Novice: 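Structure incoming, see below.
Proteins come first, then strands; the chains are lettered A, B, ... in the order of their sequence lines, and each starts at number 1. Just so we're clear, the structure is a prediction, and the values are computed from it rather than from any experiment. Worth knowing before you read on, the calculation uses all heavy atoms, side chains too, and leaves out hydrogens, waters and symmetry mates.
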Number of protein chains: 2
Amino acid sequence: MEEHHMKPDTEIRAMLSGHKATQGRIRLLGILRKASAPLTIQELLQRLGKNAIDKVTVYRIVKILQKESVIRQIDFQHGHAHYELAHPENHHHHFVCIRCGKTKDFKNASMENLLTKASKGSPDFPLVKHHSLEIFGFCRNCTKKHP
Amino acid sequence: MEEHHMKPDTEIRAMLSGHKATQGRIRLLGILRKASAPLTIQELLQRLGKNAIDKVTVYRIVKILQKESVIRQIDFQHGHAHYELAHPENHHHHFVCIRCGKTKDFKNASMENLLTKASKGSPDFPLVKHHSLEIFGFCRNCTKKHP
DNA sequence: TTAGCTGCAAAAAGTTTGCAGTTCC
DNA sequence: GGAACTGCAAACTTTTTGCAGCTAA
């Protein structure tokens with residue numbers, strides 16, 4: 001009886017598509033999988049436990065996973081990148097509070113349809129890989145406090 | 001006969017909404033106005049002419065203009081921010097080539113409608129200020145060269 | 001065994017801060 | 001005149017690079 005439903009080894013290996021399945025990479029993928037919001041490099045390091053993996057290695061793993069389309073980079077305009085698993089079946093976007101930084105997932109079927117169409121590309125950009133959509137504003141708390 | 005159609009002084013002052021209309025700010029706004037694509041801080045500095053305005057001042061001007069919603073920040077996932085004038089009447093998004101970095105404006109009326117609706121906000125995010133939408137892929141050139 | 005991965009040190013790139021002097025209104 | 005703005009120096013944060021040693025396949 002496995003308490004933490006772990007992805008089977010083969011699944012992890014598939015995500016790494018040819019790259020070596022090292023301890024660090026497996027743990028990092030596990031952390032992203034459990035995360036409820038996109039994480040920064042710093043947050044990944046914290047969750048990995050200090051001294052567990054070097055910062056540089058995390059940057060390198062993240063770059064590989066991004067190129068393999070396993071994770072996607074997200075910009076909350078906070079001055080550093082965030083990363084989340086790129087589940088195609090659970091694609092979503094984000095609200096971002098300009099004041100307090102809080103974020104929230106955001107899903108919209110019609111939007112998804114349009115973006116899928118846009119994914120067919122245009123004459124100048126025939127091959128679309130992914131997209132990013134963030135909505136910026138004030139969350140409920142910050143709206144109350146703000147004139 | 002004015003060759004370069006300059007915004008009248010009053011219009012520039014309006015854009016600065018209360019902040020002082022210094023030479024640097026006026027020139028920076030002029031440059032953004034003429035730009036055909038979102039510019040980085042470095043590109044702004046180049047176009048301003050070396051030694052004309054200090055890098056730090058450009059950062060500060062950009063921050064003010066962004067807060068006043070005169071310009072908007074755009075992330076091409078190139079490791080640094082880009083900025084463009086925020087014309088509400090000419091709102092658009094961008095294609096970004098993952099390989100060569102080329103970008104292209106992208107407009108879609110239906111998308112605009114949906115995003116306008118999303119701008120009404122949600123219970124958790126009642127006040128929406130702006131949004132960002134970028135589509136990443138390969139441009140025609142890079143599609144040809146790439147397997 | 002060995003190609004690929006990692007850690008460490010160092011550097012590069014991007015952005016922010018403090019303060020003294022200057023400029024716009 | 002005075003609040004707002006700017007330049008310069010310095011610091012800070014984020015990300016990249018080089019290289020020697022380690023590890024998964």
Novice: Can you figure out which of D:dC5, D:dA25, C:dG7 approaches the side chain of A:Ala21 most closely?
Specialist: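 Shortest atom-to-atom distance from the side chain points to D:dA25.
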Novice: Going only through I, L, V, M, F, W and Y residues with side-chain contacts under 4.5 Å, is there a path from B:Leu29 to B:Ile31?
Specialist: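 Yes, B:Leu29 and B:Ile31 fall within the same hydrophobic cluster.
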Novice: Hey, what's the ring geometry for B:His80 with B:His82, parallel, tilted or perpendicular (30° and 60° as the breaks)?
Specialist: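 The rings of B:His80 and B:His82 sit tilted, inter-plane angle from 30° to 60°.
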Novice: How close or far is atom C1' of C:dC5 from atom CG of A:Leu65, stated in whole angstroms?
Specialist: 13 Å
Novice: Would you say the rings of A:His94 and A:Phe106 are close, in the sense that their centroids are separated by under 6.0 Å?
Specialist: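 Ring centroids of A:Phe106 and A:His94 are no less than 6.0 Å from each other.
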Novice: Does the side chain of B:Arg140 come within less than 4.5 Å of A:Phe125's, by heavy atoms?
Specialist: no
Novice: Could you tell me the separation between the CG atom of A:Leu45 and the P atom of D:dT15, rounded to a whole number of Å?
Specialist: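 Computing the A:Leu45:CG to D:dT15:P distance gives 11 Å.
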Novice: Without decimals, in angstroms, what is the distance between B:Ile64 CD1 and C:dC24 C1'?
Specialist: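 Computing the B:Ile64:CD1 to C:dC24:C1' distance gives 14 Å.
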Novice: Is any side-chain N or O of A:Arg13 closer than 4.0 Å to OP1 or OP2 of D:dA25?
Specialist: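 A:Arg13 to D:dA25 OP1/OP2: side-chain N or O found under 4.0 Å.
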Novice: Is there a donor N/O on one and an acceptor N/O on the other, under 3.5 Å, for the side chain of A:Arg60 and the base of C:dG4?
Specialist: no
Novice: Taking for each residue the nucleotide of DNA chain D bearing the nearest heavy atom, is the 5' side occupied by A:Lys63 or by B:Gln23?
Specialist: B:Gln23
Novice: Select one nucleotide: of C:dT16, D:dG2, D:dT6, the one nearest the side-chain heavy atoms of B:Lys20.
Specialist: D:dG2
Novice: Quick check for you: among D:dT16, C:dC8, C:dT15, whose closest atom lies nearest to any side-chain atom of B:Ala81?
Specialist: C:dT15
Novice: To the nearest Å, give me how far apart CZ (A:Arg27) and P (C:dT6) are.
Specialist: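 My rounded result for the distance is 12 Å.
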Novice: Just the rounded figure in Å: distance from P of D:dT23 to CD1 of A:Ile53.
Specialist: 14 Å
Novice: Return no unless some side-chain N or O of A:Tyr59 is found under 4.0 Å from OP1 or OP2 of D:dT15.
Specialist: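 Yes, because at least one side-chain N or O of A:Tyr59 sits under 4.0 Å from OP1 or OP2 of D:dT15.
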Novice: Could you pick out which residue, B:Val56 or B:Thr22, lies toward the 5' side of DNA chain D when each is mapped onto its nearest nucleotide?
Specialist: B:Thr22
Novice: For A:Gly79, which contact category applies under a 4.0 Å heavy-atom criterion: base, sugar-phosphate, or nothing?
Specialist: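 Since only primed, P, OP1 and OP2 atoms lie under 4.0 Å of A:Gly79, the category is sugar-phosphate.
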Novice: Grab the CD-P distance between A:Gln42 and D:dC12 for me, whole Å please.
Specialist: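 From A:Gln42 CD to D:dC12 P: 15 Å.
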Novice: For B:His19 and A:His19, find the nucleotide of DNA chain C closest to each by heavy atoms; which residue's nucleotide sits nearer the 5' end?
Specialist: A:His19
Novice: Within this structure, what is the CG-to-P distance between A:Leu16 and C:dT6, rounded to whole angstrom?
Specialist: 10 Å
Novice: Rounded to the nearest angstrom, tell me the gap between atom NE2 in B:His80 and atom P in D:dT16.
Specialist: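 For the pair B:His80 NE2 and D:dT16 P, the rounded distance is 12 Å.
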Novice: Minimum heavy-atom separation for A:Arg27 to A:Leu48, with atom names?
Specialist: NH2-O, 2.7 Å
Novice: Kindly say if A:Lys55 contacts the phosphate of C:dC8, meaning a side-chain N or O under 4.0 Å from OP1 or OP2.
Specialist: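 Negative; the distance criterion is not met.
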